[in-house]
There are 2 protein chains.
Amino acid sequence: MPKTLEPVESRQDFISIGEAAERAGITQRTLRYWEDLGLLKPPARVSGGQRLYSRDDLARIDQILRMKKLLGFSLSEIKLAVESEEAKQVICKDLKHERSRARRLKQLEESAGITERQLRMVEEKIKQMQVMKKELTCDLSSLNERIAELREGVQGTV
Amino acid sequence: MPKTLEPVESRQDFISIGEAAERAGITQRTLRYWEDLGLLKPPARVSGGQRLYSRDDLARIDQILRMKKLLGFSLSEIKLAVESEEAKQVICKDLKHERSRARRLKQLEESAGITERQLRMVEEKIKQMQVMKKELTCDLSSLNERIAELREGVQGTV
DNA sequence: TGTAACCTTGACGTAAACGTTAAGTCGCGG
DNA sequence: CCGCGACTTAACGTTTACGTCAAGGTTACA
């Protein structure tokens, strides 16, 4: 159900697709595409049909971008992650409504599993990138050494 | 010039494309494709025309894989990085041949510049990934807290 | 010496992630 | 109330990074 504006929220709190795209540094097409794939939940619309993005929507967009650029996830992988995020929020709301505990527990655990896998992956990546960093640092300092040697005309010292 | 076997090197030191691909966890097609794009320098060949990959080649392949998977680089970006790596090695060899000092100095500096840019990028990524790690850790512990609550039947404590 | 397993190039196919264009609708300042 | 820019959906095009044959050459081994 693509919701319309809720009474308490002002039109000021929302921005058009053009502005949202510009702020995120992507195209309108990309936003619509992500929506089609289910990465973004259908945003609010004005009566005429134009999309209105909320602060939450923008945060989600940023999150997706980070997963793409930092972790190199495909959109389908991101969808999984986003769905678990979704589940988390639904669960938090549902906690009020006091329903089937076993079911909620299962969802919570599933969500935690996904989050944990992501965490492990991030940790692994950080480790490997620190190795790369060390290598690059090494390379760089040996290059700088050579440069210094050359500058001082001490070319023969290999 | 796709070189042939050099006298000092034994055939044992080289492996076929099939084995190289298997070791790297990629396909033969991918190796040939990378070679076409100029990511890999043309490897040695046996007289019959079949490729022979050296230890250096394998190292290069690993390097490319890390750039792809860790940094999320496109192949064209990787090509740039690899070319600068190439340049570095050429320069190191040339250092013996004692040629125009000014020119070598310039190349060394260019090489250092590229390496430094790469280093900065890696550092930036590490930073951002540490932020993600923190967020995920936070998420996870709050999830686990809720799970514990539910398990002990203390559902009301929001 | 044959033959099965491996390799070669070349060409065409494909999935993902959008780009681009078309044809029409909406919203708002003058 | 009109015109212009921003928006809508739909459809087709494009790029990247390979996958997948096809048709033949090479190598190793019984």
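Between B:Leu75 atom CG and C:dA16 atom P there is a gap of 18 Å when expressed in whole angstrom units. As rounded to whole Å, 14 Å separates atom P of C:dG27 from atom CZ of A:Arg51. We find that CG of A:Leu31 is positioned 16 Å from C1' of D:dT9, with the value rounded to whole Å. Here the C1' atom of nucleotide D:dT16 and the CD1 atom of B:Ile64 are 16 Å apart, to the nearest Å. Atom pair B:Asp36:CG and D:dT16:C1' shows a separation of 14 Å (rounding to whole Å applied). Look at CZ on B:Phe73: it is 17 Å from C1' on D:dA17, rounded to the nearest Å.
Comparing D:dT8, C:dT9, C:dC18 against the side chain of B:Arg32 picks out C:dT9 as the nearest. Of the candidates C:dC18, D:dA6, D:dC18, D:dA6 carries the atom nearest the A:Gln50 side chain, counting heavy atoms from C-beta on. Closest contact between the side chain of A:Tyr33 and the listed nucleotides D:dC18, C:dC18, D:dC7 involves C:dC18. Minimum atom distance to the side chain of A:Ser74 is reached by C:dA17, of the listed C:dT9, D:dT9, C:dA17. Among C:dA17, C:dT20, C:dT8, the nucleotide with an atom closest to any side-chain atom of A:Arg29 is C:dT20. Here the side chain of A:Arg45 is nearest to one of C:dT8, C:dG19, D:dT9, namely D:dT9. The side chain of A:Val46 lies closest to C:dG27 when the candidates are D:dG19, D:dC7, C:dG27. Proximity note for A:Lys68 (side chain, C-beta onward) versus C:dC18, D:dC18, C:dG27: the nearest is C:dC18.
Under a 4.0 Å N-O distance rule, the pair B:Arg66/A:Glu135 qualifies as a salt bridge. With respect to B:Arg120 and B:Glu124, no salt bridge is recorded, no charged nitrogen being found less than 4.0 Å from a carboxylate O.
OP1 or OP2 of C:dC7 lies within a sub-4.0 Å distance of a side-chain N or O belonging to B:Gln28. Put simply, A:Trp34 has no side-chain N or O that comes within less than 4.0 Å of OP1 or OP2 on C:dA17.
Among the protein residues, A:Ile17 comes within range of the sugar-phosphate backbone only, with heavy atoms under 4.0 Å from sugar or phosphate atoms but none that close to a base.
B:Asn144 and B:Ser141 share no side-chain donor-acceptor pair at under 3.5 Å.
At least one donor-acceptor pair closer than 3.5 Å links the side chain of A:Glu77 to the backbone N or O of A:Ser74.
Nucleotides of DNA chain C nearest to A:Thr30 and A:Gly49 differ in position, and the one nearer the 5' end is that of A:Thr30. With DNA chain D read from its 5' end, the first of the two nearest nucleotides for A:Glu35 and B:Ser47 is the one closest to A:Glu35.
Residues B:Ile26 and B:Ile61 are in side-chain contact: their nearest non-hydrogen atoms beyond the backbone lie under 4.5 Å apart.
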